[in-house]
There are 2 protein chains.
Amino acid sequence: MSGGPTINTIAARAGVSIASVSRVLNGLPTREETVRKVLAAANELGYVPNSVARSLKSRRTNQVAFAMADIGNPVYLAMIREIQPVLKAAGYRLVLHSTDADVGDEIDVLRSLGERYVDGLIMIPLRVTAELVTAITVARAPVVVIGSVPEGTAVDNVRTDSRSGLRLAMEHLHALGRRRIGFLNGPPDTVPGAARGAAYIATLAALGLPYDPRLVEVGDFYRLEGAQAAERLLARLAADGGAPGLDALMCANDLIALGALDVLRRAGLRVPEDVAVAGMDDVDLAAAAWPAVTSVSLGSAERGKAAAELLLDRLENGDRAPRAVTFEPRLVIRASTVGEETR
Amino acid sequence: MSGGPTINTIAARAGVSIASVSRVLNGLPTREETVRKVLAAANELGYVPNSVARSLKSRRTNQVAFAMADIGNPVYLAMIREIQPVLKAAGYRLVLHSTDADVGDEIDVLRSLGERYVDGLIMIPLRVTAELVTAITVARAPVVVIGSVPEGTAVDNVRTDSRSGLRLAMEHLHALGRRRIGFLNGPPDTVPGAARGAAYIATLAALGLPYDPRLVEVGDFYRLEGAQAAERLLARLAADGGAPGLDALMCANDLIALGALDVLRRAGLRVPEDVAVAGMDDVDLAAAAWPAVTSVSLGSAERGKAAAELLLDRLENGDRAPRAVTFEPRLVIRASTVGEETR
DNA sequence: TTGTAGGCGTTATCAA
DNA sequence: TTGATAACGCCTACAA
C-alpha cells in the first residue's frame, strides 16, 4: 500500500515470476501468453517502473545537471532553453543548480557528482581557481565547461572569444567617430571580467587611443550595479572637468548597458547622439530596450546546445579525448550606437 | 574500480562490518576507535555516499520537479528564482520540465511521478482539462498547482485573481479618460486566456463602456504574437474607418504589450499620448522597456515561494487537508499609461 | 521459455 | 558495541 505496485505485485497477480515480468516489460523474447498476462496485470495495477531501483542497477540516472551563477541572468536562460530540449530528446532530465558565482558552491556541485544522482554536468564557472580545475579533473562524472578553462585542462569545453568580441564593438564605436570610449566592467577576478578588461586596454592601443583610467568603472554584471557604476563614472567626470568628456560607453555585458542607459537618460544625455552605448551577450532585453542596445553576440544559445551535445556524446563514448568547441562573436548593431534612422 | 568506493570498500579497509560503517556515517552511537578507523578509511578513499542507493532504501529522492510551459517566459523564471533557494535550503534539488503548454506533456509529467524520481511536483498548467485534473488527483506524489484549478479539486494551490487584476488596469485606463480600450488576448482555451477575456468584457460593462468586438484580437502570450495581433487590430481599424478609434490597449500579459508597443510606434502612434498601453504580470522587461509598461503584478515571485513552501510542508506532513494560498493583484503604474512626467 | 538467486549500495533489525 | 542479514525494486546470469 505504502508504495505503488512493483514487479512483485505484478508477478503475483499474473501468476508468473518477477523475472518474466521484467522480461516482458523490457521487451525480451517471451511466450505470447505470458506477455498478455503480465501486460494485463501491469495495466490493471497502473504499474510504473521505479526509476531509482532501475538506476541503482543500471548505474545510470538519466539525469544531467546544469550549474550556473544565477538563473535570472538571461544569458544562462538562453542556454537552458537550448539545453533542455536536447537532453529531453535523449531521455535525460535536467537538474538545476544556482551557485551565486561562488567557487565553493561550484566545487561542492562537482564533489556531489560522487553521489551519482546525475550522469553528467554542464557548468559555467565564473571564477576558475586552481582548486576548481582540480575538482573538475577529478570529478566522478563527465563534465562540460562553458567558458574558458586553463590551457591543457582535460575537459570538454565550449567557448567564445569575448576578447575579440569586445574588440568588434570598440572598432564599431571608433568607426562611428567616437574617441572617448568609457568602460563599465564586471568583477575583474572573474574570467569574463578579466578577459574583457584586458581586451578593453588592448583594443584602445590597437585603435591608437590613449588609456584613461578615469573612463573606467568596475561593478558587477547586473543592471543595478551597472547603473551605479555609470553614476560613479559620470560623477567623477563632472568633478574632474565639467564637460562629460565621454562620447561612448562600452559595457562588459548587456545588463550593465541597460543600467547605464537609465543613468545617462536621467543625466540628460542622449543616446547615441551624446553617448553611444554598446553591450555584450546580445540578450533579449538588449533588443527590447529603448533605444535598442548594440551588442556583441557570444552565441549563448549555440553554446548551450553545443555543450549539451558534447555531454551526450561523452555519455555514450566515455573515453574519447576532450574536445573544445569555439564560437565566433558577432556584432549586432542597434539604435544605441547608430540611432533610430537605420531601423 | 568502475564505481567509486562503497561502504563495503570502507568496511574492508577499516576492518569492520558495513553496518558499523553505516552507523558511523550516520552519526549513530559507536565506539570511539571504530569511528576513527571508519572516518580515516572514508577520507582516504574519498568516499561519497551513493544517493541512488540511499533513495531506494529511504524512499525519498530529495528532488522536486517544476513543470511549466516554457522557461523563456519571464513569469516562470521569476518563480524559479524563488523556488530554487527555498528548496535548496531544505536539501532538495530542482528538476525542470518544459511542457510547451501541451496538456499531454503535463499529464505525462504527472504520470511519471510514479517513477519516483522526485518527492513532489510544482506545476503551472495552462489548459486545465478534466483529464489533467484526474491525473493530478491520482498522482503518486504530492503536487502543488500554481494557477486556477476547478473548485473542489483536492490539491494544494497558489493563485492570484487575474480577473480583478485586469479590472484594476482597465479602471486605471478609464480614470485617465480612455474610452476606446482595445484588448489583445492569449489563447482563449487556456485558463488565463479565458479568465482575462471574460474579465475584459465584464469590466467594460462595469465601466459603462460598450463591448466592441472589433477592438479585440487573440494571439498568444508572446512578444511576436502580440505584435502580430496588434498589427491585425490596427489594420482592421484602418480598414473600418480610417481613424484609429483606439485610445488604449489592454494586453493580457506584458510580452504581448511589448510587441504591441513596437507596432504602435512603427505605426506612428505615440504611447501614451495617442494610445495608452497596459500589460499584466509585471515582468522585468516591462519595467525595462521604453516607455516602461504599466502592468498588473500577479505576484509571480511570491507565488513561486509560496508554492515551494506549500510543497515542503506537505512533504513533512502528508495528510493535512489541501490548502489554497491567494495573492492580490497590484497595479504598477508606469509611463506607458501616464507618460514620462511622473517618473 | 521460465524461475531461482544474486547483486546494485544503503539502512535497519536482531542477535550476539 | 558490533556483525550478519534482510530488505528497498529492478535486472540478469544461470539453471531448469
Side-chain angles (χ1 to χ4, degrees), chain A residues 1-39 41-42 45-63 112-119 140-141, chain B residues 1-39 41-42 45-63 112-119 140-141:
Chain A
M1 293 302 102
S2 68
T6 73
I7 52 172
N8 284 290
T9 331
I10 298 181
R13 176 100 166 205
V16 299
S17 74
I18 61 168
S20 286
V21 175
S22 177
R23 270 186 293 256
V24 171
L25 263 24
N26 291 315
L28 298 179
T30 315
R31 180 157 48 120
E32 183 92 13
E33 198 200 328
T34 311
V35 172
R36 268 211 344 274
K37 286 193 293 189
V38 168
L39 290 183
L45 294 168
Y47 171 79
V48 180
N50 182 309
S51 67
V52 175
R54 200 169 250 184
S55 291
L56 181 59
K57 179 71 188 174
S58 67
R59 294 154 169 279
R60 303 181 59 262
T61 60
N62 293 313
Q63 293 191 157
S112 76
L113 293 178
E115 297 174 23
R116 305 234 168 255
Y117 64 95
V118 286
D119 298 334
R140 292 264 168 81
Chain B
M1 287 299 103
S2 69
T6 73
I7 52 172
N8 284 288
T9 331
I10 298 180
R13 175 101 167 206
V16 299
S17 73
I18 61 168
S20 285
V21 175
S22 176
R23 258 175 263 162
V24 171
L25 264 23
N26 290 316
L28 297 179
T30 316
R31 180 158 48 120
E32 183 93 12
E33 197 200 330
T34 310
V35 173
R36 268 212 342 275
K37 285 193 293 188
V38 169
L39 290 183
L45 294 168
Y47 171 79
V48 180
N50 182 309
S51 66
V52 175
R54 202 169 249 184
S55 292
L56 180 59
K57 183 67 187 170
S58 68
R59 295 153 168 280
R60 303 181 59 260
T61 59
N62 293 311
Q63 293 191 156
S112 76
L113 293 177
E115 296 174 23
R116 306 234 166 257
Y117 64 95
V118 287
D119 298 333
R140 291 265 168 81

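Predicted model only: the values in this text are computed from it and were never measured. Numbers restart at 1 for each chain; the letters A, B, ... are given by sequence-line order, proteins then strands.
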**Prompt:** Nearest-Å distance, CG (N8(B)) to P (dT5(D))?
**Reply:** 14 Å

**Message:** Rounding to an integer number of Å, can you tell me how far N62(A) CG sits from dC10(D) P?
**Reply:** 15 Å

**Request:** Check step by step if side chain to side chain contact (heavy atoms under 4.5 Å, CB included) holds for L39(B) and V24(B).
**Result:** CA-CA 8 Å; L39(B) 290 183; V24(B) 171; 3.9 Å; yes

**Request:** Quickly work out the I7(A) CD1 to dT2(C) C1' distance and round it to whole Å.
**Result:** 14 Å

**Asked** Would you say R59(A) reaches dG9(C)'s phosphate, i.e. side-chain N/O to OP1/OP2 under 4.0 Å?
**Response** yes

**Euclidean distance, atom OH of residue Y117(A) to atom P of dT10(C) [Å, nearest integer]** = 16 Å

**Message:** With a 4.0 Å limit, can you tell me whether Y47(B) has a side-chain N or O closer than that to the phosphate oxygens OP1/OP2 of dT10(C)?
**Reply:** yes

**Complete:** E33(B) atom CD is separated from dT2(D) atom C1', nearest whole Å, by 13 Å

**T61(A)/V52(B) under side chain to side chain contact (heavy atoms under 4.5 Å, CB included): CA gap, chis, key distance, verdict** = CA-CA 8 Å; T61(A) 60; V52(B) 175; 4.0 Å; yes

**Request:** Using only heavy-atom distances, determine whether the side chains of T9(A) and Y47(A) contain a donor-acceptor pair under 3.5 Å.
**Result:** no

**Complete:** Whole-Å distance, L56(B) CG to dA12(C) P, equals 13 Å

**Prompt:** How long is the line joining CD1 of I18(A) and P of dC8(D), in whole Å?
**Reply:** 12 Å

**Message:** Under a 3.5 Å distance rule, please check whether R116(B) uses its side chain to pair with a backbone N or O of R140(B) as donor and acceptor.
**Reply:** yes

**Asked** NA contact type, V16(B), heavy-atom cut-off 4.0 Å: base, sugar-phosphate, or nothing?
**Response** sugar-phosphate

**Message:** Could you report the tightest heavy-atom contact between R23(B) and T30(B), atom names first, then the distance?
**Reply:** CB-OG1, 3.9 Å

**Asked** Could one point to a donor on the side chain of K57(B) or the base of dA12(C) with an acceptor on the other under 3.5 Å away?
**Response** no

**Message:** I want to check one thing: is the phosphate of dG9(C), taken as OP1 and OP2, less than 4.0 Å away from some side-chain N or O of T6(B)?
**Reply:** no

**Prompt:** Would you find a donor on one side and an acceptor on the other, under 3.5 Å apart, between the side chain of S55(B) and the backbone of S51(B)?
**Reply:** yes

**Complete:** Rounding to 0.5 Å, atoms CD1 (I10(A)) and OG (S20(A)) come to a distance of 12.0 Å

**Request:** Could you list by number each residue of residues 19-32 of chain A showing a heavy-atom separation from DNA chain C of less than 4.0 Å, or answer none if no residue does?
**Result:** A19(A), S20(A), R23(A), T30(A), R31(A)

**Request:** Please state how far atom CZ in R60(B) lies from atom P in dT11(C), giving the value in whole angstrom units.
**Result:** 13 Å

